J.: 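What follows is a single structure, and I will ask about it in a moment.
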Amino acid sequence: MKQSNWIYTIFLLSTLLSSSAFANDADTAIKASNLSFEYAINSGDANALTGLYTPDAVLLPPTDETLAKPAAIRQFWEEALKDGIRNVKLANFDTRIEGDTAYQALIWSAETSNADGSTKYIGGNMVNIFSRQLDGSWKPRMQSWN
């Protein structure tokens, strides 16, 4: 094989391996973000929840609201926590990474209380759009669920 073919082959392999490593690192960071989300809700910490999002994040909850400021996002989660949402679990369905943006589809489940105090089980679908931050972390920039 000619030297130029070897150089091309080595370049191609290193590009593929580094792309794969980047995707694996991003996937791991996004999974860690989901665990942080679960932990913050399940420990009742609205401030920690708010800190998980980018400063320009938009939340589209099933309440038909569009929440586009950190204060509004914090208030939403404070009310949800006060209403008793607990035992939130996220199950990743699909994550697609394109450059500094990742698209994630999830199935979520949680518990809340009925008016009589009995447990009500809720759940549905969730979509997150993550942005890679300057420090290499990934944060949700847009989130919607039903």
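Treat the numbers as computed from the prediction; the structure is a model and nothing was measured. If you read the sequence from its start, that first residue is 1, and numbering goes on from there.
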J.: Provide the closest heavy-atom pair for Pro140 versus Ala57 in the form atom of the first, atom of the second, distance.
T.: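 Shortest heavy-atom contact: O-CB, 3.8 Å.
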J.: Rounded to the nearest 0.5 Å, what separation is found between the CG atom of Asn128 and the NZ atom of Lys139?
T.: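 So the gap between those two atoms works out to 14.0 Å.
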J.: Checking side chain to side chain contact (heavy atoms under 4.5 Å, CB included) for the pair Phe37/Leu49: CA distance, chi angles, key distance, verdict?
T.: CA-CA 6 Å; Phe37 183 84; Leu49 274 166; 3.7 Å; yes
J.: Indicate yes or no: at least one non-hydrogen side-chain atom of Trp145 is less than 4.5 angstrom from one of Pro62.
T.: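 Side chain of Trp145 against side chain of Pro62, heavy atoms only: contact under 4.5 Å found.
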J.: Got a donor-acceptor contact below 3.5 angstrom from the Thr50 side chain to the Ala46 backbone?
T.: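 Answer holds: yes.
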J.: What about Ile122 and Leu106, same hydrophobic cluster or not, with Ile/Leu/Val/Met/Phe/Trp/Tyr joined at side-chain heavy-atom distances under 4.5 Å?
T.: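 Same cluster: Ile122 reaches Leu106 through Ile, Leu, Val, Met, Phe, Trp or Tyr contacts under 4.5 Å.
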J.: Roughly how far, to the nearest 0.5 Å, is the CG atom of Asn87 from the CD atom of Glu111?
T.: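 Between Glu111 CD and Asn87 CG, I get 4.0 Å after rounding to 0.5 Å.
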J.: What heavy-atom pair brings Ile85 and Ile41 nearest, and what distance separates the two atoms?
T.: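 Ile85 and Ile41 have their closest heavy atoms at CG2-CG2, 4.2 Å.
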J.: Keeping the roles fixed (side chain from Ser118, backbone from Asn114), state whether a donor-acceptor pair exists under 3.5 Å.
T.: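 No: the side chain of Ser118 does not pair with the backbone of Asn114.
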J.: Is the number of heavy atoms from other residues, nucleotides or ligands under 6.0 Å of Asp116 CG greater than 12?
T.: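 More than 12 heavy atoms, drawn from other residues, nucleotides or ligands, come within 6.0 Å of this atom.
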J.: May I ask you to decide if Ala26's main-chain N or O and Lys31's side chain share a donor-acceptor pair within less than 3.5 Å?
T.: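 Pair absent, no side-chain N/O of Lys31 close to backbone of Ala26.
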J.: Atom CG of Asn92 and atom CE of Met126: how far apart are they, to the nearest 0.5 Å?
T.: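 Asn92 CG to Met126 CE: 11.5 Å, rounded to 0.5 Å.
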J.: Looking at every non-hydrogen atom in both residues, tell me the closest pair between Arg132 and Gly136 and how far apart they are.
T.: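 Between these two residues, the closest heavy atoms are CG-O, 3.9 Å.
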J.: Please find the pair of heavy atoms, one from Val88 and one from Asn42, that lie closest to each other, and give the distance.
T.: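 Heavy atoms of Val88 and Asn42 come nearest at N-OD1, 2.8 Å.
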J.: Which is it for Gln104 and Asn34 under the side chain to side chain contact (heavy atoms under 4.5 Å, CB included) test, yes or no, and what are the steps along the way?
T.: CA-CA 11 Å; Gln104 182 182 50; Asn34 290 339; 2.8 Å; yes
J.: With hydrophobic residues grouped by side-chain heavy-atom distances under 4.5 Å, do Val127 and Phe93 end up in a single group?
T.: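 Val127 does not cluster with Phe93.
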J.: Can you name the nearest heavy-atom pair linking Phe130 to Ser33, along with the distance?
T.: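 Looking at all heavy atoms of both residues, the shortest contact is CE2-OG, 3.5 Å.
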J.: Listed by chain and number, what are the side-chain hydrogen bond (donor to acceptor under 3.5 Å, both in side chains) partners of Asn47, not counting sequence neighbours?
T.: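 Counting only residues at least two positions away or on another chain, Asn47 forms no side-chain hydrogen bond (donor to acceptor under 3.5 Å, both in side chains).
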J.: Mark yes or no for whether Asp94, through its side chain, and Ala105, through its backbone, hold a donor-acceptor pair below 3.5 Å.
T.: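 Not confirmed, Asp94 side chain does not pair with Ala105 backbone.
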J.: Measuring from atom CG of Leu35 to atom NZ of Lys89, what distance do you get when rounded to the nearest 0.5 angstrom?
T.: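 Leu35 atom CG to Lys89 atom NZ measures 11.0 Å (nearest 0.5 Å).
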J.: To the nearest 0.5 Å, what is the distance between CG (Leu67) and CD (Gln143)?
T.: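 Rounded to the nearest 0.5 Å, the CG-CD separation comes to 10.5 Å.
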J.: Would you list the atom pairs, donor with acceptor, under 3.5 Å between side chains in residues 68-83 and any protein atom, with sequence neighbours excluded?
T.:
unit_1 : atom_1 : unit_2 : atom_2 : d
Gln75  : NE2    : Glu79  : OE2    : 3.2
Trp77  : NE1    : Tyr53  : OH     : 3.3

J.: Which pair of heavy atoms, one from Asp27 and one from Ile97, lies closest together, and at what distance?
T.: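 Closest heavy-atom pair between Asp27 and Ile97: N-CD1, 3.9 Å.
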J.: If only atom types and distance count, is the side chain of Ser131 paired as donor or acceptor with the main-chain N or O of Thr101 below 3.5 Å?
T.: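 Looks like no, no N/O pair under 3.5 Å.
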J.: Is there a donor-acceptor pair under 3.5 Å between the side chain of Glu38 and the backbone N or O of Leu90?
T.: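 Checking the backbone N and O of Leu90 against the side chain of Glu38, a donor-acceptor pair under 3.5 Å is found.
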J.: Flag yes if Trp108 and Leu52 sit in one hydrophobic cluster, no otherwise; membership is Ile, Leu, Val, Met, Phe, Trp, Tyr, and two members link when side-chain heavy atoms are under 4.5 Å apart.
T.: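 Yes.
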J.: Just checking, any donor-acceptor pair under 3.5 angstrom between side chains of Asp135 and Ser137?
T.: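 Yes, a side-chain donor-acceptor pair sits under 3.5 Å.
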